[in-house]
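Everything quoted here is computed from the prediction, not taken from an experiment.
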Amino acid sequence: MKKNNADPEIEAAFFREVEESVKNDRLKQLWDKYGLAIIVGVALILTATVSFESFRAWRDKKMSEMSNAYAVALALQNQGKYEESAKLLGMISEESSGIYGDIAELQLANLYLSEGKNEEAVNILKKIVQDKKMRPELRDVARVKLASYLLDTAPAEEVKALLVPLNQPDNEWNVIAKEMLAMLAIREGNEVEAIALYQEIADASSVDDYVKTRARDMISVLEQN
């Protein structure tokens, strides 16, 4: 049998070359199969990144513009230029889908109330209350404002529908809502319900002493009737 006198280094180099060739063939096959998809994927990632950065820059600029516009609207209102302020607030509420648009809409209702344009203000407040896209905390403010305006004249069920969602232990408007519901009960001649509501306020551990005292005074007056 003839002895193999091949240089080990030459053999190792040969096998490495074969291995590299096989790898290159596999890579070529993979590229032929997936290359276009890879290119498209990278392009989409780059496009998405650029689009996100562009959007963020546009959003920041828009927020700054809305912030400045809102400040101008408040300044105009303080100067007694209510018509100009109302126009600017209306523009902000229409053009901005962010926090300034929501606040501007609520502020526009406040402006109309201060001018005695109650129908316009009520329509805006009702719109805010019904708009589930609006921030919950601002919807709650609108509920309180609308309920306080309608408390003397609107049907009891309409006022209750506004206040009951606020009369929850975890709602920051809980005590005010309870007091307004008690006032509504008095209006409707239901003094027993009013006393029960005031008693809940008086017994609550988280309520200020001043509010508790006011509730107890109301209970005393109602019980004497």
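Across Pro165 and Arg143, no two heavy atoms sit closer than the pair CG-NH1, 3.7 Å. Here the shortest heavy-atom pairing between Ala204 and Lys212 reads O-CE, 2.6 Å. Shortest non-hydrogen contact noted between Leu125 and Lys145 is CD1-CB, 4.1 Å. The heavy-atom pair separating Ala177 from Leu163 by the smallest distance is CB-O, 3.9 Å. Minimum heavy-atom separation, Ile124 to Ala109: CG2-CB, 3.9 Å. Residues Ala142 and Ile128 come closest through the heavy atom pair CB-CG2, 3.6 Å.
Heavy atoms from other residues, nucleotides or ligands lying under 6.0 Å from CD of Glu83 number 12 at most. In the displayed structure, Lys178 atom NZ is contacted under 6.0 Å by more than 12 heavy atoms of other residues, nucleotides or ligands. Within 6.0 Å of the CE atom in Met183, the count of heavy atoms belonging to other residues, nucleotides or ligands does not exceed 12.
Side chain of Asn171 to backbone of Asn167: no donor-acceptor contact under 3.5 angstrom is found. Thr213 places a side-chain N or O within donor-acceptor distance of the main-chain N or O of Asp209, the cut-off being under 3.5 Å.
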Practice prompt. Decide yes or no on side chain to side chain contact (heavy atoms under 4.5 Å, CB included) for Ile176 and Met180, but give the supporting numbers first.
Written response: CA-CA 6 Å; Ile176 291 178; Met180 293 175 70; 3.8 Å; yes
Worksheet entry | Stepwise side chain to side chain contact (heavy atoms under 4.5 Å, CB included) test for Arg214 and Glu179 | CA-CA 10 Å; Arg214 184 171 65 205; Glu179 282 193 290; 2.8 Å; yes
Item to complete: Just do the side chain to side chain contact (heavy atoms under 4.5 Å, CB included) check on Val141 and Trp173 with the steps written out, would you?
Response: CA-CA 8 Å; Val141 173; Trp173 296 100; 3.8 Å; yes
Worksheet item: Yes or no on side chain to side chain contact (heavy atoms under 4.5 Å, CB included) for Leu181 and Lys160, after CA distance, side-chain angles and deciding distance?
Response: CA-CA 7 Å; Leu181 286 169; Lys160 281 185 177 181; 4.0 Å; yes
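Taken from CD1 in Ile195 to CD1 in Ile186, the straight-line distance is 8.5 Å, to the nearest 0.5 Å. In this structure, the separation between CE on Met134 and CG on Leu106 is 7.5 Å, given to the nearest 0.5 Å. To the nearest 0.5 angstrom, Glu157 atom CD is 8.5 Å from Leu184 atom CG. Once rounded to the nearest 0.5 Å, the distance linking CG of Asp217 with CG of Leu222 reads 11.0 Å. Interatomic distance, CG of Leu138 versus CD1 of Ile103, reported as 6.0 Å (0.5 Å rounding). Rounding to the nearest 0.5 angstrom, the gap separating the CD1 atom in Ile219 from the CD atom in Glu191 is 12.5 Å.
Of the candidates Arg135, Lys133, Gln107, Arg135 is the only one forming a side chain to side chain donor-acceptor pair (under 3.5 Å) with Asp102. Across Leu150, Thr153, Leu146, a single residue satisfies side chain to side chain contact (heavy atoms under 4.5 Å, CB included) together with Val159, and that is Leu150.
Annotation: side chain of Asn174 is not in contact with side chain of Leu166 (no heavy-atom distance under 4.5 Å).
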